Amino acid sequence: MSESTVADTRRLNSKPQDLTDAYGPPSNFLEIDVYDPQTIGVGRNRFTTYEVRMRTNLPIFKLKESCVRRRYSDFEWLKNELERDSKIVVPPLPGKALKRQLPFRGDEGIFEESFIEERRVGLEQFINRIAGHPLAQNERCLHMFLQEESIDRNYIPGKMLLQD
Amino acid sequence: MSFFSFGQSAEIDIVLNDGETRKKVEHKTEDGKKEKYFLFYDGETVSGKVNITLKNPGKRLEHQGIKIEFIGQIELYYDRGNHHEFVSLVKDLARPGEMTQSQTFDFEFTHVEKPYESYTGQNVKLRYFLRATVSRRLNDISKEMDIVVHTLSTYPELNSSIKMEVGIEDCLHIEFEYNKSKYHLKDVIVGKIYFLLVRIKIKHMEIDIIKRETTGTGPNVYHENDTIAKYEIMDGAPVRGESIPIRLFLAGYEMTPTMRDINKKFSVRYYLNLVLIDEEERRYFKQQEITLWRKGDVVRKSMSHQAAIASLRFEGSAGAEKALAQTREDSH
């Protein structure tokens, strides 16, 4: 006569989910688009800027919608700030393309359309990965990059305090 | 082994008295293979015979003594020279002399203490074995026979559930619960994960069982972590208020009981690691130790005492009395 008991595998009790929670909008909405590249200036003083548009419902961001213009060196600045101040492993930026900036090229160098498109995609991936990181969201440099008209390179680095 | 072909040599064979009836279990060897060994428990007697067969019949075998040892030892792989023996028993089988023909010697180690479970790990091994030795001037002849020891426990009196709220400030708050803190090796982990706040984009969630083998002491402590199991419990993005059930059957995984500070030489501990992965492959995790123990097999128990008494009325007295005596023995 065996004493084999079937293990009790019933689920633990849990509160039923509130329907407004179940069917309400998710609280993790964060979308950033990098688009509309524009090359500004003439001759050797040209540079390309991109529009960085952000939509979110995360409370840590002061503005739920923002739209700013940024160039490649601004992204580099953000990467450096985060590498210095935060503990996160910052993802790579698309390449600097120094070769493309040398003279005597057959094409437009860094203003070549295909190159700009490639760079735009890389920058979009970069900023989305950073902005979704809980530790990066604490850094003031990220908020300034995304939501302030221009980047003040003389700012005081630091952490964000949550606004209610 | 012997360079001199005109010498006498012998083969040693160790046979257990209960070799026909005793159970064998599979146990991993150091090189990862699985072999079967006789299973013993703490307090059981180890008895048998040592057969010594002379290789060249007619020639004499001179020896300095024949003995058999029962040894329990811990071997650290990085320090092979030093075996730490925690059980060492010896029985002399023959005084120095000579053997003219093959012989058999009886031995018995009565009610041997076997305090720890046999374990073969990544950096340490605990084993029990019989070793019969024919001592000689130049080189001894010996034979070892490994056995496996299991340590049994009963249902713990106190077995509280594990319930905790963890998270990242304002990003992710969860409450996890596991129904027990102590599980036997064929148990089921029943639990749930309740999402209080979700502001990250979760892709899926899994629960891992991690085995941590710790060897060494003081500044030389070394932890070897091994993920024994990975079990996905959720696929997709949860929202606030959702409750995800967990049901993880332990019998499918190769695990040992939790071993804490065995003879002050090593530990083997188990952890449940709850892992959440977001859309950018970032991992958020919470590790929690659980205690594993080995339950005795049901076969050792026969009928209950009441049933044994009842059968006295119906069966012949001999069979029923034996059953009754058996239950009295079991309850001690």
Side-chain angles (χ1 to χ4, degrees), chain A residues 1-32 55-62 64 86-92 124-139 159-164, chain B residues 155 161 163 167-173 175-180 183-184 186-202 237-251 278-282 284 295-304 307-308 311 323:
Chain A
M1 196 193 302
S2 81
E3 174 218 86
S4 59
T5 41
V6 177
D8 185 2
T9 55
R10 288 172 302 168
R11 292 190 186 187
L12 298 180
N13 290 332
S14 52
K15 292 189 281 228
Q17 190 180 22
D18 197 326
L19 286 180
T20 48
D21 286 340
Y23 294 101
S27 9
N28 60 5
F29 179 65
L30 171 68
E31 249 168 52
I32 304 178
R55 283 165 300 178
T56 184
N57 67 356
L58 296 178
I60 193 151
F61 291 105
K62 208 157 68 158
K64 298 310 160 209
S86 80
K87 292 185 214 148
I88 72 180
V89 175
V90 185
E124 193 172 73
Q125 283 172 359
F126 171 83
I127 192 64
N128 272 291
R129 284 183 71 180
I130 299 253
H133 199 303
L135 289 181
Q137 285 166 7
N138 274 337
E139 300 292 328
K159 309 280 185 238
M160 292 292 289
L161 296 165
L162 180 68
Q163 281 117 49
D164 278 327
Chain B
Y155 281 96
S161 66
K163 191 165 173 171
I168 300 172
E169 184 77 39
D170 220 61
C171 267
L172 173 70
H173 289 186
E175 187 190 79
F176 69 87
E177 185 177 346
Y178 305 129
N179 61 335
K180 303 183 203 174
Y183 292 93
H184 62 81
K186 309 257 185 286
D187 217 332
V188 187
I189 299 179
V190 173
K192 74 177 206 283
I193 310 294
Y194 178 73
F195 288 90
L196 293 151
L197 180 72
V198 188
R199 292 211 180 108
I200 55 172
K201 297 186 187 173
I202 296 173
V239 292
R240 180 174 54 209
E242 266 193 83
S243 198
I244 304 298
I246 297 169
R247 192 177 291 124
L248 183 52
F249 289 83
L250 296 179
D278 75 10
E279 290 195 351
E280 297 292 349
E281 304 295 324
R282 286 180 283 257
Y284 308 80
K295 193 160 75 124
D297 279 337
V298 170
V299 178
R300 280 158 69 75
K301 278 187 110 168
S302 56
M303 295 185 281
S304 71
S311 74

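Naming convention: chains lettered A, B, ... in sequence-line order (proteins, then strands); numbering from 1 in each chain. It should be emphasised that the depicted structure is a prediction, and the values quoted were computed from it without experimental measurement.
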Please determine, among B:Glu169, B:Glu177, B:Lys186, the option with the most heavy-atom pairs under 4.5 Å with chain A. B:Glu177
Which atoms of B:Val188 are under 4.5 Å from chain A, going by heavy atoms: the side chain, the backbone, both sets, or neither? side chain
Reported CG-to-OG distance for the pair B:Asp170 and A:Ser27, which is rounded to 0.5 angstrom: 10.5 Å
Does B:Glu280 offer a backbone N or O that forms a donor-acceptor pair with the side chain of A:Arg129 under 3.5 Å? no
Taking only residues two or more places apart in sequence, or in another chain, which ones meet A:Glu139 in a side-chain hydrogen bond (donor to acceptor under 3.5 Å, both in side chains)? A:Lys159
If you count heavy-atom pairs under 4.5 Å between each of A:Arg10, A:His133, A:Lys15 and chain B, which one has the most? A:His133
Using the rule given for side chain to side chain contact (heavy atoms under 4.5 Å, CB included), can you reason through A:Gln137 versus B:Cys171, listing the C-alpha separation, both sets of side-chain angles and the distance that settles it, and then say yes or no? CA-CA 10 Å; A:Gln137 285 166 7; B:Cys171 267; 4.1 Å; yes
Taking C-beta and beyond as the side chain, do A:Leu12 and B:Asn179 meet within less than 4.5 Å on heavy atoms? yes
I need the residue from B:Ile168, B:Asp278, B:Val239, B:Ile246 with the largest number of non-hydrogen atom pairs under 4.5 Å to chain A. B:Val239
CG/A:Asn28 to CD1/B:Ile202 distance, rounded to the nearest 0.5 angstrom? 8.0 Å
More than 12 heavy atoms of other residues, nucleotides or ligands under 6.0 Å from CG of A:Asn13: yes or no? no
Per-residue contact mode, A:Asn57 against chain B (heavy atom under 4.5 angstrom): neither
From B:Arg199 CZ over to A:Phe29 CZ, what is the distance, rounded to the nearest 0.5 angstrom? 15.0 Å
Whether B:Arg282 side chain and A:Pro134 backbone form a donor-acceptor pair below 3.5 Å: no
If I take atom CD1 from residue B:Ile200 and atom CG from residue A:Leu30, how far apart are they, to the nearest 0.5 angstrom? 12.0 Å
A:Asp21: partners by side chain to side chain contact (heavy atoms under 4.5 Å, CB included), with sequence neighbours left out: A:Gln17, A:Asp18, B:Arg240
